[in-house]
Amino acid sequence: MNNKIGLVTMCRKAGKLVMGMDMVKDACNTGKACAVFAATDFSPKSLKEIKFNCYKNGIKLYSLGMTMDDIHFDLGKRTGVIAICEGGFAKACAKGLEEIPIDENEFYSI
């Protein structure tokens, strides 16, 4: 993702970047998010929560390949998850990144 940070910065300047758990969940639930990207050191509990939001709203989730500190350094805010709210930007940013698999059974364990 480091080579795509310029694209993410453009998304931010265009107002199409959402950062932080609550804002990303809101963007997913309102249909604004086109793709969600998680930091490599995002907590398992938070990752499960964002996976559920992506699953129920049909949004793809990708691994950024960056830590939260990397995101802070490049974007000025320490966060574990971001969403891109424009299709073209989302597709360009997702290119070459690993999609995080979402298994619906993990949300309905007894």
Side-chain angles (χ1 to χ4, degrees):
M1 184 67 174
N2 288 332
N3 59 341
K4 297 182 182 182
I5 202 66
L7 189 57
V8 174
T9 302
M10 282 193 333
C11 290
R12 187 173 192 189
K13 287 179 181 176
K16 301 297 181 185
L17 181 69
V18 176
M19 297 188 292
M21 181 67 125
D22 292 336
M23 293 187 69
V24 168
K25 284 175 25 182
D26 185 55
C28 290
N29 292 331
T30 59
K32 292 178 182 173
C34 295
V36 175
F37 303 84
T40 55
D41 57 347
F42 202 39
S43 80
K45 181 177 183 280
S46 295
L47 183 60
K48 185 175 181 179
E49 188 175 344
I50 207 67
K51 282 169 96 172
F52 177 72
N53 273 272
C54 288
Y55 167 73
K56 76 177 183 176
N57 293 294
I59 299 166
K60 291 191 177 195
L61 175 64
Y62 298 91
S63 175
L64 266 175
M66 297 172 69
T67 65
M68 289 190 277
D69 287 338
D70 292 337
I71 295 168
H72 180 250
F73 179 78
D74 289 330
L75 298 177
K77 180 176 180 183
R78 191 173 194 278
T79 184
V81 64
I82 64 172
I84 295 181
C85 302
E86 197 281 320
F89 279 133
K91 186 176 180 180
C93 288
K95 190 173 184 174
L97 295 181
E98 178 185 345
E99 186 174 345
I100 297 173
I102 300 175
D103 178 9
E104 66 182 91
N105 294 322
E106 73 181 286
F107 310 122
Y108 303 108
S109 56
I110 298 173

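This structure is a prediction, so every number in the text was calculated from the model and none was measured. Note that the numbering runs from 1 along the sequence shown for the chain.
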*Measure the CG-CZ distance between Leu47 and Phe52 for me, rounded to the nearest 0.5 Å.*
14.0 Å
*Is the side chain of Asp103 donor-acceptor paired with the backbone N or O of Asn105 at a distance under 3.5 Å, no angle test?*
yes
*For Met19, does the CE atom sit with more than 12 other heavy atoms under 6.0 Å from it, leaving out its own atoms?*
yes
*Which residue pairs pass the salt bridge (Lys or Arg N to Asp or Glu O under 4.0 Å) test with at least one member in residues 20-32, sequence neighbours excluded?*
Lys25-Glu49
*asked:* Quick check: closest heavy atoms across Arg78 and Asp41, and the distance to 0.1 Å?
replied: NH2-OD2, 4.5 Å
*Do you know which two heavy atoms are closest between Phe89 and Ala14, and how far apart they sit?*
CE1-CB, 4.4 Å
_Side-chain touch Met21/Ser46, heavy atoms, less than 4.5 angstrom_ = yes
*Nearest non-hydrogen partners of Ala39 and Thr67, listed with the distance*: CB-C, 4.0 Å
*So, Thr40 side chain and Met66 main chain: donor-acceptor pair closer than 3.5 Å or not?*
yes
*Which atom of Leu97 lies closest to which atom of Tyr62, heavy atoms considered*: O-CD2, 4.0 Å
*From CG (Asp74) to CG (Asp69), nearest 0.5 Å*: 11.0 Å
*asked:* Just to verify, what does Phe73 make a ring pair (Phe, Tyr, Trp, His ring centres under 6.0 Å) with, not counting sequence neighbours?
replied: none
*Roughly how far, to the nearest 0.5 Å, is CG of Asn53 from SG of Cys28?*
5.5 Å
*Criterion side chain to side chain contact (heavy atoms under 4.5 Å, CB included) on Ile71 and Lys77, from CA distance to verdict*: CA-CA 7 Å; Ile71 295 168; Lys77 180 176 180 183; over 6 Å; no
_How about NZ on Lys16, more than 12 heavy atoms from neighbouring residues, nucleotides or ligands closer than 6.0 Å, or not?_
no
*asked:* To the nearest 0.5 Å, what is the distance between SG on Cys93 and CD1 on Ile82?
replied: 7.0 Å
_How long is the straight-line distance from CD1 of Ile84 back to SG of Cys34, given to the nearest 0.5 Å?_
9.0 Å
*Measuring from Asp70:CG to Leu64:CG, what's the distance to the nearest 0.5 Å?*
9.5 Å
*Test side chain to side chain contact (heavy atoms under 4.5 Å, CB included) applied to Glu99 and Leu61, step by step*: CA-CA 6 Å; Glu99 186 174 345; Leu61 175 64; 5.9 Å; no
*Per the side chain to side chain contact (heavy atoms under 4.5 Å, CB included) rule, which among Lys48, Lys51, Lys56 passes with Ile102?*
Lys51
*asked:* Exactly one of Val81, Val24, Val36, Ile100 should register a side chain to side chain contact (heavy atoms under 4.5 Å, CB included) with Cys54. Which one does?
replied: Val36
*With Phe42, which residues qualify under ring pair (Phe, Tyr, Trp, His ring centres under 6.0 Å), at least two apart?*
none
